[in-house]
Amino acid sequence: MAKHHITATLNGEPVEFLCSTRQTLLDVLRDELNMTGSKEGCASGDCGACSVMVDDRLVCSCLVLGAECDNKKIESIEGMADGEKLHPLQTKFLEEAALQCGICTPGVLVAAKALLERNNNPTETEVRYWLAGNLCRCTGYDKIVRAVMNTAADMRENAK
Amino acid sequence: MSSERREYKWVGTRQIRPDGHDKVTGRAKFGSDFSLSGMIHGRVLRSPHAHALIKSIDTSKAEALPGVKAVITSKDFKDQPSELKPAGEGMVNYRDMTRNVMAREKVLYDGHAVAAVAATTVEIAESALKLIDVKYEVLPHVIDVDEAMKDGSPILDDKMIPIGYDTKNPTNIAKHVEFSLGDTDEGFAAADVVIERTYKTESVHQGYIEPHAVVASVSEDGQAQIWCCTQGQFMVRTFVGQLLGMPTSSIRVTPSEIGGGFGGKTVVYLEPLATLLSSKVGKPVKMIMTREEVFRASGPTSGGSMDFKIGATNEGKITAVTGTVRLLAGAFPGAPVAPACMCAVAPYDIPNVHIQGYDVLVNRPKVAAYRAPGAPISAFGAESIVDELAKELGMDPLKLRKLNAAKKGTKAAYGPTFRDIGYEETIDLAMDHDHYKAPLGPNQGRGVASGFWFNIGGESSATVNINEDGTAVVISGNPDIGGSRASLAMMAAEELGIEYSDVRPIIGDTAAIGYNFLTGGSRVTFATGLAVVEAAKDAVRQLCERAAKIWEVDADGVVWDDGHAKPASSNVGEFEPLSLAALAAQAAKTGGPICGHNAQNVQGAGPGFATHICDVEVDPETGNVSVLRYTAVQDVGRAIHPSYVEGQIQGGAVQGIGWALNEEYIYSSNGTLENTGFLDYRIPVASDMPMIEAVMVECPNDRHPYGVRGVGEVPLVPPLAAVANAVENATGVRMEALPISPPRLLAALDSSNIKQAAE
Ligand code: FES
Ligand code: FES
C-alpha cells in the first residue's frame, strides 16, 4: 500500500515523513524520525509514556496515526528545553528527584507542561487528576506532584 | 570496619543525579531505543492454552513468507540437564530455564513461548506467526495454589522430584522448607490468648512501565553483542551462554537505561531468542515485548495462602507463632518460600516459632522476584494476625509491636542474631508522629504494620580512574534503577576529597568491568558502594605513594586529607600539600596512570525494618477504599542521597497499596489471562494516592564505611497489612484475602451487615 506523505512541524522545525496507514505517531517519531524520547509503555493509551502535543493538545501519540498529522504542529520531549536551557519543570524534576528510572519522565513532563500552560496555580488534586493518565511505577507520585506544584509556584513568582 | 561519625561534604546531601539531564530531555537510551544498521525484527508465538502437549509444530509456511529470515522453536535449543547450579545468590535449573524461554514437550501457561520469528519488519514477523501451525493436545490446568496441592490436581511436571517433601505420587509441590525456634507447644501452653487465621494474597505483576527489549548481534566469528534492559548484564551473559552453549568470552552484554524492574528483570526471556535468531541470520535482531506479552509471559510475583497461629500472654508478650505459607511458583519451581517464611515474624523477639512453606507449581508464568520477594505475602498474614491479637488484648497495636520488638541480640527464628538494628526506633517514631494521633472521621480507619527484609551484599567490582586533570571516573557494573549512580559518585567524591561534579560514574558492560551480581536485594548502594569506596581508597593509596615519591619520603609518611596529600607529621618534613589535581598532572612522571580497583564478595548487609501507618476511608455504598494519609518510617542505615531513599520508600509503599487494593490476575475458566493491559490490571495512578511521608531512621550498618543499609525492598513489606488493618478499623470487617477491591469489600460488608441483622 502506498505510504502517506506527511508535512508537519516537529518542535518548531519543518518535518516530512512517509508512513503507512497503520503507523501511529509514536511509531513515526521513534522509528521514522529517530526521536526516541517518547516511550511506549502500553500502545493502548493507558500509560501516558508517549505523551506529546499535537496542535497544542495533549495526546497519547500511540493513539494518533501518523497519517493524521499532516500540517500539524507536533511537540515532543526533545523540544522542551530551550537550547541549552532546561524548562523549569525539567530543572525542578532534577532538583527534587522526581524521577527514579526515568521511563515515565518524558511523558510526565510533557503532560505537566501542558497543565501549567492552562493553569499556573493548580491544586494538588488538580495535578493528580491531570497526571492520572501518566503511570509511574517507581516514585509513588509524591515527588512528581510536588515538583509540578513547586515549578508552578516558581513560575508565578518569576512572572511578578 | 566501623562506621565513622564524621562530617561529610557529599554523603547525606541532595545532589543532581549524573544521568538526570539525559532522562529529562528524552536523550537517555532505554531498552527499545537502541537500533543498529541492518537490524531486523523478532516476534514470539505464544501459547493460547494454559496447559497442553505440543504434538507438532510446522513452521514451513512461515519460513516461506517473503521477508522472513529465520524461525526457531525448542528444537534449536539443546536440552539442559536437570540440576541446580549456583547463579549469583540463588540456584537455577537450566532444564527449567530453557523450557521457560521456549516450551518443549508442553506449554505450561497462557503466553508460554512456542516459536520465534525474525523478519525484515515487525509486520512481516507478526504475519509469519499466524502461519506457524502448532498442534496441541489440551490438558486440564490448575491456576489456584490450594487446588494445585490437592490430590487429583492436574500435574505440571510428573518427573519433578520435590525437595524436602516425601511423596511417591506425582505432585505440584516442588519444595518444602521449615524454620523453627524453641518449642511451639510449650509456647502455646503458656499463652492466655491464642488466635488462628487463614489469609490469601493474589499474584501481582511488578508493573515496570518499560516492556522487555533487546537487540542482539552475533557476527560471523561467533562474537555476540547484546543490548538490553536488565537488572544484571552479567546474569544475561551467564544465562545466554549456558542456554546457547556459547563461551562467556564470546558474549558482551551492555545494559541500557532501565525503565523499572523491581526484580522482574533479573531473568531472561527475549535475550536468548534474539541471540539465537541473530546467529542464524547474521544480522542484528531487535525484540520488544508488547504490554500484553509482559503480563502474559513475564514476572509476576507469587500469590499465596497461609495459616497463622499466634499465642500471647494477657500482658501482650507473644509466646509462640506457627505458620504455613503456600506460594504459587508458576510453571516452574522457584517461589520465594524460604524468604517468605524467614521474614514473616522477623521483626519480633518470639521464643517459639515454627514456620513452614510450600513451593507449588500452577499453570501461570514462572514467578520472578518482586521487591523483598515473598516477604510482603507472609507479612500480610503475620501483621494481620498481630493486629487481631492487639484487638483481642485491647492493646495499642504499636505498643504490642514495641513490647515484642526484635533488637540487638535477638535471635531470629531463621537463624542469625541481630546486630545493631533500628526496628524499635521505627515504632517509637511512628507512635510519636502526629499522624498517629490525628483524629479520624466517619468511615475512616487507621492501620499499622511492620516489615523486615534481609538485604544482601554479593559479588561486586569497581574501578576508580583518576583523570589527568584531577577529575575521576567511577566504573561499576550495576544498572542504575533509581539513582545509584549518584550515590556511588557521592561516596567516591567523599573518599577522594574532590567535587561531586568532578566524578563521572558510568556503568560498564560485561567486558569493561569485573563481575557484578545483578541489581537486586537492595545491594547496589551497599555492596557495589563498598567496592567503589575501596577502589577510591586504592586510588588514594596510590596518590599518597606518588606524593611520597615526589617528596622522597616513605609512603606511610603521607596522609590523605580533604583531597590533598599531606605529611603525616612534622617528623616527615615540611611540604606543601599536593592536591589530587597536582598529583594527577604529574602521574606520568611518578609511575603512570592512577587507577583504583576493588573486587570482592561483599558480606555484612544490614537488615532493614519499617513501620507504616495508613489511614483509609471506605465508601459503604461502593466498597471503594481511598487512602487518605500514609506515613512510612524506615531504618535506612545512612541515607547517602536522602531524596532517592525517600523515593524508594514512597514508591514501595504505593506498590504495596496497589497490591492491597486493586492488583490481581483474572483468569478465564480456560486458564487464559483476561486482564493483559493497564486498563484492567490497575496499578495506582496519581489521583488514587495521597502524599507518602517517608520518615528515615538512621541506625548505621556497622559493616559499611558510611553505614549503608539497603533501602529498596522493605518498603513493600508492611503496606498490605497496614491497608487491611486500616480497612478493618474503618468497617469492622477483617479482609483476610487481597485485593480489597470494591466488589470484594462490598460483598464482605453486605455479608457482615446480614450477619449483624440476623443477630
Ligand atoms: S504507550 Fe501510549 S499511552 Fe502507553
Ligand atoms: S520513574 Fe520509573 S516509572 Fe516513573
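Proteins come first, then strands; the chains are lettered A, B, ... in the order of their sequence lines, and each starts at number 1.
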Query raised in the report: Do B:Gln634 and B:Val711 come close enough that some side-chain heavy atom pair is under 4.5 Å?
Result: yes
Report summary line: Counting heavy-atom pairs under 4.5 Å with chain A, the top scorer among B:Met691, B:Lys23, B:Arg27 is B:Met691
Query - Validation row, ring centre B:Phe30 to ring centre B:Trp227 under 6.0 Å - result: no
Query raised in the report: Checking A:Thr139 against chain B: side chain, backbone, both or neither under 4.5 Å from a heavy atom?
Result: backbone
Requested in this report: Identify which of B:Gly20, B:Gly483, B:Gly207, B:Gly482 forms the greatest number of heavy-atom pairs closer than 4.5 Å to chain A.
Outcome: B:Gly207
Report summary line: From the list A:His87, A:Lys39, A:Glu78, the residue making the most non-hydrogen contacts under 4.5 Å with chain B is A:Lys39
Query - From CE (B:Met689) to CG (B:Leu628), nearest 0.5 Å - result: 11.0 Å
Query raised in the report: Are B:Arg14 and A:Glu95 close enough for a salt bridge, meaning some N to O gap below 4.0 Å?
Result: no
**Report entry** Short side-chain to backbone donor-acceptor contact, A:Asp70 and A:Ile6, under 3.5 Å
**Finding:** no
Requested in this report: Verify the neighbour count for atom CZ of A:Arg156: are there more than 12 heavy atoms of other residues, nucleotides or ligands below 6.0 Å?
Outcome: yes
Query - Side chain / backbone / both / neither for A:Ile144 at chain B, heavy atoms under 4.5 Å - result: neither
**Report entry** Interface moiety of B:Ile258 toward chain A, non-hydrogen atoms closer than 4.5 Å
**Finding:** backbone
**Report entry** Atom group of A:Ala43 that falls short of 4.5 Å from chain B, counting heavy atoms
**Finding:** neither
Query raised in the report: Any idea which of B:Ser643, B:Ser35, B:Gly260, B:Ala486 has the most non-hydrogen atom pairs under 4.5 angstrom with chain A?
Result: B:Ser643
**Report entry** Interchain contact, A:Arg146 with chain B, by part (heavy-atom threshold 4.5 Å)
**Finding:** both
Requested in this report: Could you verify whether a donor N or O on one side chain and an acceptor N or O on the other, from B:Tyr630 and B:His612, lie under 3.5 Å apart?
Outcome: yes
Query raised in the report: Distance only, no hydrogens: is a donor on one side chain within 3.5 Å (strictly under) of an acceptor on the other, for B:Ser626 and B:Glu617?
Result: no
Query raised in the report: Would you say A:Arg118 has more than 12 foreign heavy atoms packed within less than 6.0 Å of its CZ?
Result: yes
Query raised in the report: Under 4.0 Å between a Lys/Arg side-chain N and an Asp/Glu carboxylate O for B:Arg43 and B:Glu123?
Result: no
**Report entry** chain B contacts, top residue of A:Cys136, A:Gly79, A:Gly140 (heavy-atom pairs, under 4.5 Å)
**Finding:** A:Gly140
Report task. Assess whether side-chain hydrogen bond (donor to acceptor under 3.5 Å, both in side chains) is satisfied between A:Thr21 and A:His4, documenting all intermediate values. Result -> CA-CA 7 Å; A:Thr21 304; A:His4 305 271; 2.7 Å; yes
Query raised in the report: Measuring heavy-atom distances to chain A, does B:Thr290 have an atom under 4.5 Å in its side chain, in its backbone, in both, or in neither?
Result: neither
Requested in this report: Specify which of B:Ile692, B:Ile288, B:Asp22, B:Val294 makes the most heavy-atom pairs with chain A at under 4.5 Å.
Outcome: B:Ile692
Query raised in the report: Is it the backbone or the side chain of B:Pro690 that comes under 4.5 Å from a heavy atom of chain A, or both, or neither?
Result: backbone
Query - B:Gln648 versus chain A, the contacting section by heavy-atom distance below 4.5 Å - result: both
Query - Portion of B:Ala653 that has a non-hydrogen atom of chain A nearer than 4.5 angstrom - result: neither
Query raised in the report: With respect to chain B, which residue among A:Glu124, A:Glu96, A:Met80 yields the maximal number of heavy-atom pairs within a distance under 4.5 Å?
Result: A:Glu124
Query - Contact origin within B:Ile481 toward chain A - heavy atom pairs under 4.5 Å - result: backbone
Query raised in the report: Quick one: do B:Lys29 and B:Glu257 make a salt bridge, cutoff under 4.0 Å?
Result: no
Report task. Return the option, out of A:Thr105, A:Leu131, A:Leu109, A:Leu99, with the maximum number of heavy-atom pairs under 4.5 Å with chain B. Result -> A:Leu99
Report summary line: So, the part of A:Leu135 with a heavy atom under 4.5 Å from chain B: the answer is both
Query - Whether over 12 other heavy atoms sit under 6.0 Å from A:Tyr129 OH - result: no
Report task. Just give me the residue among A:Gly48, A:Ala97, A:Cys47 that pairs up with chain B most often, heavy atom to heavy atom, under 4.5 Å. Result -> A:Ala97
Query raised in the report: Between A:Glu16 (side chain) and A:Thr7 (backbone), is there a donor-acceptor pair under 3.5 Å?
Result: no
Report summary line: Applying a strict 4.5 Å limit to non-hydrogen atoms, the region of B:Val685 in contact with chain A is both
Report summary line: Greatest number of non-hydrogen atom pairs under 4.5 angstrom with chain A, of B:Gly658, B:Pro684, B:Ala694, falls to B:Pro684
Query raised in the report: For the candidates A:Asp46, A:Asn34, A:Thr91, A:Val108, which exhibits the highest count of non-hydrogen atom pairs separated by less than 4.5 Å from chain B?
Result: A:Asp46
